[in-house]
Amino acid sequence: MNQSALAEASRTVESSSETVLSVEDFTLSFSESAKTNLIEGVSFHVERGKTLCIVGESGCGKSVTSLALMGLLASPPARIRRGTAMFGGKDLFALSEREKADLRGNDIAMIFQEPMTSLNPAFTVGHQIAEGIMRHRHMSKAEARAETLKMLQMVRIPAPESRLDAYPHQLSGGMRQRVMIAMALANRPKLLIADEPTTALDVTIQAQILKLIRQIQEETGTAMILITHDLGVVAEVADHVAVMYAGHIVEQGPVDEIFNDPQHPYTIGLFGSIPTLGRRQGKLATIKGAVPPLELMPKGCRFSPRCPFADQRCRDEVPPSPQLGPDHTAACWYAPLEQKLGARQ
Amino acid sequence: MAIPTLFLVSLIVFGLQKLLPGDPLLTMAGEERDPAVIEFLREKYRLNDPFYMQYLYWVRDVLTGDFGNSLRTGVPVSTLIAQKLPVTIQLAVMAMIFALLIGIPTGIMSAVKKGKAPDYAANAIALSGVSIPNFWLGIILIMVVSVQWRLLPASGYVPLTEDPIQSLRTMLMPSFVLATALGAYLMRHTRSAMLGVLSSDYIRTAKAKGLMPRVVVLKHALRNALMPIVTLTTLLFGELLAGAVLTEQVFTIPGFGKLIVDAVFTRDYAVVQGVVLCTAVGFIFMNLLADILYILINPRLRHPQ
Ligand SMILES: Nc1ncnc2c1ncn2[C@@H]1O[C@H](COP(=O)(O)OP(=O)(O)O)[C@@H](O)[C@H]1O
Ligand code: SF4
Ligand SMILES: [Mg+2]
C-alpha cells in the first residue's frame, strides 16, 4: 500500500465513526517574543465513545493542551498562534468567552489531577454539583438536587443522600474525585477530558476510579481524552494513543500498534518495549537526558539531543509525519524505523 | 482564652492604681491630716485589708457596674461611660461601614484586574489613604465641606435617638476620616486574599463548570477570601476605638476619646481607670467575637470530620 492509499483508508475509517473533536495544527506560546512555540502543530481527533490517551513526560504540554481546549488558559499570557479545534461544527479556539462558558461543564467537561484542592471548601458537594446542573439546564433547586443525588449514585458514592450536604473536607481523596467525576458528567458532556485523574490517589483507589470512568463511559458513550503516566492504564482504557514530547505529538495511532509496533524512537524509549516481551505494565520508562528548555530547543527534531539515531538532518530540519498505517503517524525522519534505519546501516 | 486575659487585665488596671504616685487619702483628708480621719478613711476604703481582698472587693464593685466616682466632678464613672460610649460606638460603626464599602469592592476589583489600570489606581488611592494623617484630612474636610460649601456641620454631636438625620450628618465626615486608613488596609487585605484564592484549583473547577465570571469571583472566590477578612475586621474594630481619640478631638465630638484625654490631663484617675478597663474589655470581647465568627463561617471548623 502506498502513502495516499493509506491516507485514503484512514479517512474512510474516520468518516465511518463519529468524530467529536478534531484538533488541527494547534500551536500555542506563552510569550509574544518567543521564537519557539511551547506547543507546535498538534493535531489529533477523538471519536464518540472512544478514548484517546495522551502520554508523555511531565512538562511536555499535556495539561496546557487540555486547558486550551476548555478555554481555561488565561490569555495573556497564553496565546493560540495557529490551529483549529472543531467541536460540534464550531472552532473552540474562535469562540467568544461567553460561548466558551456555555460549552464548559455542558458539552465539554474536565476532571483534574488534584481532587484534594479542586472542590471549593466553602460549599457542600451537593451544592457544587447542583450549581453546574442549574447553570446549563432549566431546573429548579429541588430537581437539580434530585439529579445530583442520581449522579452521586452513578459514581457509586456510598450513602449518597447523606453526602449531598457534606463539605469536601469530610470526604477522602477518592470520594472527592468521584464527586469531581459526578460534577463533570452531570450534564452528559460529549467530551470528557481527564487530566491524570488518578495520579494523586492511592493505588487501590486508582484502580476503582479508573474502572468507574471506564464503566460510565461505556454507559454514556462519552468521548474521552485521558492524560496519564501509567502504561497499565493506557493498555486498559485507550483506543488511540498520542505520544507527546516537548509540545509535539511525536507519534499517534491505535493502542495495539503503539504498544506492539512503536515507530518513533521516543515512543520506543518511553514504552521501553521490545515487541517480543509483550505489553509493558507500570510507569513509563525514563529516558536518559532531559527536555531542553524552550530557548535551547533544536530547530530540527525536538527529540534529537536525546535520540540515539539523531544525525545532522535531524538537528537541522523538522521531520515529516508519514502515515504508517490507518490513523498511525510518527514524526521522525527514520519512520518506519525497521526499513529506514536498516537502510542506513 | 478570654477569661485569663480578663483576669490579667483587671489585675494590671487595679495594680496600676495602687502604684500611682501620691496617696489619694492625703488629698481627701484635707489640710489637717488628722490621723483619726485618715484611719476612718482607710477603713472605709478597706485599705487595711490584704491586697487580694482589696482586689476582690474592687472586682465585685466593677462587676456591679460601680467604677467609683470622678475625682474631679464626683459624677459616677459609670454614668460618664454610659454617656460617651454610644457616641464613639456610633462613630466607629459608621467608620467601619465606610471602610468595608470602600475596601472590599476596590480590593476585589484590584485583584480581578491585577496589573491593569484599575489595580494601579486602587493601589495609589490606598497608599494615600494610609499616608494622609487623619487630623490633616479632618481639617481640610472641615475647611472645604463645612466652611466653604456649608454642606455638613463641622463639629458637635446629636444623638441618633434625638434626630437621626442630623446625627448621621454630623458623623459623616468624622467617620469618613476615621475610615480612610482602615479602608486602605482592608482593600490591600481583600486584594491579596482574593489573589490567593483566584489562583486556586477550585476556582478553575468553578470556571470548568461554565459559571459566569461574576459568579466565580463574587461567590466562589469571595466566600473564601472573606473568611480571614471577617476576623480582621472584627479585630480592627477595637483599633478603630483607639483611633477615634484623635478624630474626636479634631471634630470636637464628646465621645470616649475626649473623655479619656480630658481625664488624663486633669489626672482624674478614677475615670482613666474606668475607661481603660472598658476599652480592654471591649478588645477582649472583639477577639472572642473574631474567634466565634471564624468558627461560624469556616465549614471545616463547623463540621469536623
Ligand atoms: N501560565 C503559564 N505560563 C508560562 N508557562 C507555562 C504556563 N503554564 C504552563 N507552562 C509551561 O508549559 C509547559 C507544559 O506544562 P504542562 O502542560 O502542565 O505539562 P504536562 O504535560 O506535565 O501536563 C511547562 O514547561 C510549563 O512550564
Ligand atoms: S527525526 Fe532523528 S532525532 Fe528525531 S526522533 Fe527521528 S531519528 Fe531521532
Ligand atoms: Mg499535567
Side-chain angles (χ1 to χ4, degrees), chain A residues 63 66-67 69-74 76-77 97-125 127-137 165-172 176 179-180 183-184 186-187 189 193 195 200, chain B residues 104 108-120 190-191 193-233 293-305:
Chain A
S63 296
S66 37
L67 291 172
L69 291 172
M70 287 292 287
L72 286 177
L73 280 182
E97 284 304 319
R98 173 70 204 231
E99 289 171 310
K100 281 187 219 169
D102 287 344
L103 278 182
R104 273 202 294 268
N106 193 15
D107 291 334
I108 310 180
M110 184 160 174
I111 307 168
F112 301 98
Q113 185 179 346
E114 305 85 5
M116 299 310 280
T117 52
S118 288
L119 288 164
N120 194 324
F123 300 101
T124 63
V125 297
H127 177 85
Q128 293 185 59
I129 299 172
E131 186 184 30
I133 296 174
M134 288 192 284
R135 161 68 177 89
H136 296 291
R137 291 194 256 167
D165 297 315
Y167 283 90
H169 73 272
Q170 294 169 309
L171 303 179
S172 68
R176 291 189 211 184
V179 170
M180 287 298 293
M183 190 187 289
N187 292 317
I193 303 176
D195 188 357
Chain B
I104 291 189
I108 295 170
M109 184 199 64
S110 177
V112 171
K113 303 274 176 201
K114 183 185 176 229
K116 297 190 188 135
D119 184 24
Y120 293 124
T190 305
R191 178 180 187 272
M194 282 296 282
L195 282 179
V197 168
L198 281 173
S199 63
S200 60
D201 288 340
Y202 56 81
I203 292 302
R204 188 181 59 188
T205 306
K207 290 180 189 161
K209 270 190 277 192
L211 299 181
M212 287 304 171
R214 187 171 32 85
V215 181
V216 173
V217 171
L218 294 183
K219 179 176 171 186
H220 282 260
L222 188 60
R223 182 70 175 71
N224 286 280
L226 273 187
M227 286 188 206
I229 301 289
V230 168
T231 315
L232 186 73
T233 305
L293 284 178
Y294 191 70
I295 292 172
L296 285 184
I297 56 177
N298 195 332
R300 263 175 230 272
L301 301 172
R302 211 164 7 112
H303 305 273
Q305 299 242 302

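Residue numbering restarts at 1 for every chain, and letters A, B, ... go by the order of the sequence lines.
No donor-acceptor pair closer than 3.5 Å links the side chain of B:His220 to the backbone N or O of A:Phe123. Without hydrogens or angle criteria, B:Lys209 side chain to A:Met183 main chain gives no donor-acceptor distance under 3.5 Å. For A:Arg104 (side chain) and B:Lys207 (main-chain N/O), a donor-acceptor pair under 3.5 Å exists by modelled atom type.
Taking every heavy atom of both residues into account, A:Ser118 and B:Thr205 meet most closely at O-OG1, 2.6 Å. Scanning both residues, A:His136 and B:Gly210, for their nearest heavy atoms gives NE2-CA, 4.0 Å. Smallest separation of non-hydrogen atoms from B:Pro299 and A:His169: O-CE1, 3.2 Å.
A 4.5 Å side-chain heavy-atom check between A:Arg135 and B:Met212 finds at least one atom pair inside the cut-off. Contact of the A:Thr117 side chain with the B:Ser200 side chain is not registered, since no non-hydrogen atoms from C-beta on lie closer than 4.5 Å. Proximity of B:Asn224 to A:Asn120: side-chain heavy atoms (C-beta onward) are separated by under 4.5 Å at one or more points. Looking at heavy atoms from C-beta onward, B:Tyr202 lies out of side-chain contact with A:Gln128 at the 4.5 angstrom threshold.
For A:Leu67, the part sitting under 4.5 Å from any heavy atom of chain B is the side chain, from C-beta outward, and nothing else. When heavy atoms are compared at a cutoff of 4.5 Å, A:Met116 does not approach chain B at all. With a threshold of 4.5 angstrom between heavy atoms, A:Leu119 approaches chain B through N, CA, C or O but not through any side-chain atom. Of the two parts of A:Ala122, the backbone and the side chain both hold a non-hydrogen atom closer than 4.5 Å to a non-hydrogen atom of chain B. The part of B:Val215 that comes within reach of chain A is its side chain, from C-beta onward, which places non-hydrogen atoms under 4.5 angstrom from that chain.
Taking chain B as the reference chain and counting heavy-atom pairs below 4.5 Å, the highest number among A:Gln170, A:Met110, A:Arg98, A:Glu131 is found for A:Glu131. In terms of non-hydrogen atom pairs under 4.5 Å with chain B, the most contact-rich of A:Pro121, A:Gly105, A:Ala74, A:Ala109 is A:Pro121.
With a 6.0 Å radius and a threshold of 12 heavy atoms from other residues, nucleotides or ligands, B:Arg302 has its CZ atom above the threshold.
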